[in-house]
Structures are given as C-alpha cells and as structure tokens.
2 protein chains.
Amino acid sequence: MSSGKIGAARADVLRDVRRKPGPCAQWDSEETNFIREILDLVGDKWSVLIIGTLAEGPLRYSDLADAIPGISQRMLTLTLKHLQRAGLVNRTAYAEVPPRVEYSLTDLGTSLLSTVLDLAAWSANHHDEIRDRQRAFDAEATPRK
Amino acid sequence: MSSGKIGAARADVLRDVRRKPGPCAQWDSEETNFIREILDLVGDKWSVLIIGTLAEGPLRYSDLADAIPGISQRMLTLTLKHLQRAGLVNRTAYAEVPPRVEYSLTDLGTSLLSTVLDLAAWSANHHDEIRDRQRAFDAEATPRK
DNA sequence: CAGAATCCTCAGAGATACTG
DNA sequence: CAGTATCTCTGAGGATTCTG
C-alpha cells in the first residue's frame, strides 16, 4: 500500500498522515491502522520484554522463560508466535535428541529494537517526573480522605 | 529512583538494565516497570492518536472527537485524563457561557512525541513488509483450506 | 459543549495439566 | 525440552443515556 510517501520523513510523519481537509484534520482509518498495527505488535505486556531480551543474542525457549520472570508459558508461546508471524523474530528448531529451539531477532526486529530502546530510554528518563506529576494530580483530585 | 544511570545512553539502555548475573540475564522487576509504565501510558489503543493529533496545536474536546474517528466519548475522556495525570497534556477550561476546554501537549508530551513519531515512522516504513511476512506465515501454517 | 454514569461484552492473560 | 490444551477471570473498551 502507500508506504513510500510517509516513510521518508520523521518529524513530519503524523502531519503528513493527517491531511484530510474540513473543519478539523481527521485521521484516515487506513492510516490509523499503521499505528494500530505496530501497537498491537509491541504494545502488549510482553513483546517489548522479549525483543529486549533477544537483543543480546539468540536464546532458547526455556532461557527466555527464565529471563522474563512472571511470564506464563502460554503468553511466551503466544507472543513469540506473534513476533515470528510479523517477521521480528526467527525460530530455529534443531532436530536433536533433547529438542532445542532457538529464538533470535531478525533484521526487521533489530531495526525495531532501536526505536523501542528510545522509548525505554525516554521512559527511564522521565520516570520520576511522571510519578511526581501523577501524585500531584491525585492529591489535587482527592483533597483529603 | 534510579533514573540517571539508564537515561544517558540509548542503544545500551536495555543491556544496561538487564544485568543480573546467573545462568541467564534476568529482568529486575523494578526495571521492567519502566517499560510497563510507559506502555500502559501510550501502548493503549488511543493515547498515541491523541498525542499525534495534539501535535499540531491545542484542540477542544469536540475537535478531538472529530479528529479521531471511532473513539467513544468514554475513551476520549478516560485517555485524556490518563495523559493529563501523567503530565503529557494540559487541560485548560475557559469559564465562558458555552463551556470551552482546550487540550494541548505539555513539554513532557512534546518530548515523548518525537520518539512516538519514530515508532510511527518505523511502522509506516515496514508496514508492507510485515503484512507480507504475516501472509506468508499464515499460508505456511495453513497449507490449504 | 464537555463530560459523567451505567451496562455489557469479549479478547487478553494467568493457572494448571498434559504431550511429542 | 518445548511446547499444547482448557478453564477461568479480569478489565479495556463500546454503546447508550444523563447532566452542569
């Protein structure tokens, strides 16, 4: 579909994307899908953690389970399948006597990693500030109680 | 809390974050919260759209509703409140006869915008590639039917 | 106009047990 | 080891109606 016209720029992406004339600029439903699509991919609870864990190199299923405390087998399997389906991770099964399966980032996954890292960096940078503001907001909303 | 040690770098953020020794590097639960926190903030269905819409300038409630097709009043109100609580958007109410309320990005919100735009750009750039891979994956999984 | 309040639904996600 | 198969439950999110 129409990917070229948007991809080039960075700061102008959304400006470029919202161009509907009228009383107020409107999102095109096709264009919101770009955002929605990637959000469905990495906006969930585990995808980013998996991608981040795989950043250092290939890992086996059980290694991932150990590296990401709290994830259930179901969610690990499911999320890996989503990421694999989207082409972000590779699944390599070795036909050995104790079965061995390794997951690794694809080039596509690696390219996403860097922008995800920016988000993580922003998150770490403004973590304290956000918590403070939230606290202040809650204090104002609930004077006493 | 510990924000300085992580914030400086970019590409090393997650490497820096996951440092637990042992059989395999493990996420610290406190550190996963950084990611989780920002994901809860912008990983949902509407936050990014709202932030992107406000990028061009302040808008009223009804303007936002018009600019973001498909959003319900409930979700618009709720998401705005979340973003306001986190200090990403300002809410300015004018005491006029027809009530007027304007929402705008704070500096914090603007700083997040640029990294979110990167994500949107990545999404737009790789949209086609991902769809192709997903199609191929599905075709392989379901030979015929 | 700018929401608040309610009701309802169905995917996301956890726990557990089983299998090639 | 590397998953699959169920069962269940919570809560994000939509539709609708009411209000300052």
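In what follows, every chain begins at residue 1, and chains take the letters A, B, ... in the order their sequences are listed.
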Would you compute the distance between atom [atom1] of [X] and atom [atom2] of [Y] and round it to the nearest 0.5 angstrom?
X	Y	atom1	atom2	answer
B:Leu76	B:Lys81	CG	NZ	11.0 Å
B:Asp44	A:Asp44	CG	CG	13.0 Å
A:Asn90	A:Leu54	CG	CG	9.5 Å
A:Glu140	A:Arg135	CD	CZ	15.5 Å
A:Thr106	A:Leu83	OG1	CG	9.5 Å
A:Leu59	A:Leu64	CG	CG	5.0 Å

The side chain of [X] is closest to which nucleotide in this list: [options]?
X	options	value
A:Arg74	D:dG14, D:dA5, C:dA2	D:dA5
B:Ser62	C:dA2, D:dG13, C:dG14	C:dA2
A:Lys45	D:dG13, C:dA13, C:dA4	C:dA13
B:Pro99	D:dG20, D:dC1, D:dG3	D:dG20
B:Tyr61	C:dA2, C:dA13, D:dG14	C:dA2

Distance check needed: [N] [atom2] versus [X] [atom1], whole Å only.
X	N	atom1	atom2	value
A:Leu76	D:dA2	CG	P	10 Å
B:Leu78	C:dC7	CG	P	17 Å
A:Leu39	D:dG13	CG	C1'	15 Å
B:Ile50	C:dG3	CD1	C1'	14 Å
B:Met75	D:dG14	CE	P	6 Å
B:Leu59	C:dA2	CG	C1'	15 Å
B:Ile68	D:dG14	CD1	P	12 Å
A:Arg36	D:dG13	CZ	C1'	11 Å

Below 4.0 angstrom, which residues in residues 81-95 of chain B have at least one non-hydrogen atom near DNA chain C?
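Under 4.0 Å from DNA chain C: B:Lys81, B:Arg91.
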Inter-end axis angle, the helix from C:dC1-D:dG20 to C:dG20-D:dC1, with every axis fitted to five base pairs (rounded, 10 degrees)
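It comes to 50° between the two terminal axes.
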Shortest non-hydrogen contact between [X] and [Y], atoms and distance:
X	Y	value
A:Leu49	A:Thr53	O-OG1, 2.6 Å
B:Leu39	A:Gly43	CG-O, 4.0 Å
B:Arg133	A:Gly87	CD-CA, 3.6 Å
B:Arg91	B:Tyr103	CG-CE2, 3.3 Å

Give one of base, sugar-phosphate or nothing for B:Arg60, where a contact means two heavy atoms less than 4.0 Å apart.
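Sugar-phosphate contact only.
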Using a heavy-atom cut-off of 4.0 Å across all strands, would you classify A:Thr77 as base, sugar-phosphate, or nothing?
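A:Thr77: base contact, heavy atoms under 4.0 Å.
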Donor-acceptor pair under 3.5 Å: do we get one between B:Gln73's side chain and the base of D:dA15?
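Counting by modelled atom types and ignoring angles, no donor-acceptor contact under 3.5 Å is found here.
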